Amino acid sequence: MKAAIYTKYGSPEVIQIIDVEVPSPQPNEILVKIKASSVTRADTMMRQGIPKFGRLFVGLFKPKNTALGTGFSGVVESVGDQVTKFKIGDEVFGEKLFSNGCNAEYLCIAENLVVARKPKNMSHIEAAPICDGFLTSYNFLKDIANVKPGQRVLINGASGSLGTAAVQLAKIMGAKVTGVCSIKNIDFVLSLGADEVIDYTKTNVNQLQSQYDVVYDTVGKLNYKMTKNVLTTDGVFMTPVLSCQVLWQMLWNPKKVKFAATGIKKTKELKRLFLELVDFFKQGKLQTNIDKKYSLSEIREAHQYLETGRKVGNIVVVNP
Ligand SMILES: NC(=O)c1ccc[n+]([C@@H]2O[C@H](COP(=O)([O-])OP(=O)(O)OC[C@H]3O[C@@H](n4cnc5c(N)ncnc54)[C@H](OP(=O)(O)O)[C@@H]3O)[C@@H](O)[C@H]2O)c1
């Protein structure tokens, strides 16, 4: 089978498509023929080996795990002899977390990990990126901020993968949502359900007159100091993007400043959030926005586009 790998850190040019053997499922695993896989900001950071202190965990001089791609959707091709939840032909989707290997033609995953039957009302292309934006933003809004009906939530980067998910999820949770994006994405963010939208090229968040219970900066452009005058007394600033500044501010204001790496949450906890998301999708309450689609052989171009920082929603690799 074909698979995307990277054997050294660097630009998209380090990505290679190679031929490898189709993996064989362990007794508790399913073999999935991949129909679509996500290409995410996290993948580009793994490929670049940034932030550099992360190399302590993923490989000091070169990546320990050379496989690429964390989110997938596809069809079960075979099952290990202890598998009880899935059968051949099931359409499934999920995430391989740090074990990667989704930008390929086949993968194996244990049935108790983050994998579920794909809702019938969505395509493989729509399902593949759910574990990036939706799972991350749901973790922040539900488990970290515990957003309550009527609260005011400001989402910076509302047009990205995490942002488009966050706007929809915060609305489901009953919040009043303010999205922050540039002028070209205003109508789109309103169409996701935002109550109001602010153009970041014209207005700085710290100039706003309103007060927010939660400021969720999905793109790492703000920090607590820049937003504390728009937070309520109990308000929190959260971001999925780690920086020295955020770490420092967390140290001094642990109740007000929140960061989390969703991928290292306990699998049981991730699966709980994932299965709740599956229910929302089944009920038609959420939609995945797909900006661009690429073939596996075009994955370098997908990474180049991601690095522009301009994508709207998600991008996916589609297998024939
Ligand atoms: N901690 C975790 O668990 C975790 C998990 C997944 C991802 N992440 C991280 O989350 C971050 C966001 O990922 P993503 O895929 O959602 O981002 P993204 O899709 O790359 O975000 C791109 C969007 O951000 C908008 N944008 C750019 N500059 C902006 C600014 N100054 N203010 C507001 N919006 C701006 C762009 O719109 P315009 O073109 O209109 O500017 C574009 O639509 C990444 O750094 C990723 O590594 C963390």
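Keep in mind that what you see is a predicted model, and the values were worked out from it rather than measured. Ligands are counted one by one from 1 in listed order, and the atoms in each one are counted from 1 as well. The chain is numbered in sequence order, starting from 1.
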- Any nitrogen or oxygen of S182, main chain or side chain, under 3.5 Å from a nitrogen or oxygen of ligand 1? yes
- Indicate whether any N or O donor in one side chain lies under 3.5 Å from an N or O acceptor in the other, for N139 and T262. yes
- Query: Any idea which protein heavy atom is nearest atom 47 (O) of ligand 1, and the distance to it?
  - Reply: M45 SD, 3.2 Å
- Task: Inspect the contact between E298 and K292 and indicate whether a charged nitrogen and a carboxylate oxygen are less than 4.0 angstrom apart.
- Result: no
- Message: Counting only heavy atoms, tell me which of T40, T262, V219 gets closest to atom 3 (O) of ligand 1.
- Response: T262
- Message: Show me which atoms of ligand 1 lie under 4.0 Å from any heavy atom of V241.
- Response: 10 (O), 11 (C), 45 (O)
- Message: With a 4.5 Å cut-off on side-chain heavy-atom distances among I, L, V, M, F, W and Y, is there a chain of contacts connecting L242 to M226?
- Response: yes
- Message: Any nitrogen or oxygen of A260 lying under 3.5 Å from a nitrogen or oxygen in ligand 1? Just yes or no.
- Response: yes
- Message: I need the nearest protein heavy-atom contact for atom 46 (C) of ligand 1: residue, atom name and distance, please.
- Response: R41 CB, 3.5 Å
- Looking only at protein heavy atoms, identify the closest one to atom 4 (C) of ligand 1 and say how far it is in Å. T136 CG2, 3.7 Å
- Query: Below 4.0 angstrom, N of the basic side chain to O of the carboxylate: do D143 and K265 qualify?
  - Reply: yes
- Nearest heavy-atom approach of E111 to T84 is OE1-N, 3.1 Å
- Item | With F134 via ring-ring contact (aromatic ring centres under 6.0 Å, His included) - residues at least two apart | F281
- Check whether the side chains of E276 and Y138 place a donor and an acceptor atom closer than 3.5 Å, and report yes or no. yes
- Message: Looking at every heavy atom in both V79 and P25, which two are closest together, and how far apart are they?
- Response: C-CG, 4.5 Å
- Item | Residue part near ligand 1, for K221, under 4.0 Å between non-hydrogen atoms | side chain
- Message: Regarding T232 and D234, do their side chains bring together a donor and an acceptor under 3.5 Å, going by distance alone?
- Response: no
- Task: Mind checking whether P240 contacts ligand 1 via backbone (N, CA, C, O), side chain (CB onward), both or neither, at a 4.0 Å heavy-atom cut-off?
- Result: both
- For atom 27 (C) of ligand 1, grab the closest protein heavy atom and report residue, atom and distance to one decimal in Å. R310 NH2, 3.3 Å
- Query: Which option, Y200, Y305, F259, owns the non-hydrogen atom nearest atom 35 (C) of ligand 1?
  - Reply: Y200
- Item | Backbone or side-chain N or O of K184 under 3.5 Å from ligand 1 N or O | yes
- Query: Under the side-chain hydrogen bond (donor to acceptor under 3.5 Å, both in side chains) rule, what pairs show up with a residue in residues 162-177, not counting sequence neighbours?
  - Reply: K171-D195
- Message: Geometry only, no angles: is D132 polar-contacting ligand 1 at N/O separations under 3.5 Å?
- Response: no
- Of I198, L162, T218, D199, the residue with the heavy atom nearest atom 12 (C) of ligand 1 is T218
- Item | Atom indices of ligand 1 within 4.0 angstrom of S159 heavy atoms, with elements | 25 (C), 36 (C), 37 (O), 42 (C), 43 (O)
- Item | Which of the ligand 1 atoms, numbered from 1, are nearer than 4.0 Å to a heavy atom of G157 | 33 (C), 34 (N)
- Correct closest heavy-atom pair for S297 and I17 would be CA-CG1, 4.4 Å
- Task: Measure the distance from atom 18 (P) of ligand 1 to every protein heavy atom, then report the residue, atom name and distance (to 0.1 Å) of the closest one.
- Result: K311 NZ, 3.6 Å
- Report yes or no: does G309 have a heavy atom closer than 4.0 Å to ligand 1? yes
- Message: Please determine whether any non-hydrogen atom of A261 lies less than 4.0 Å from an atom of ligand 1.
- Response: yes
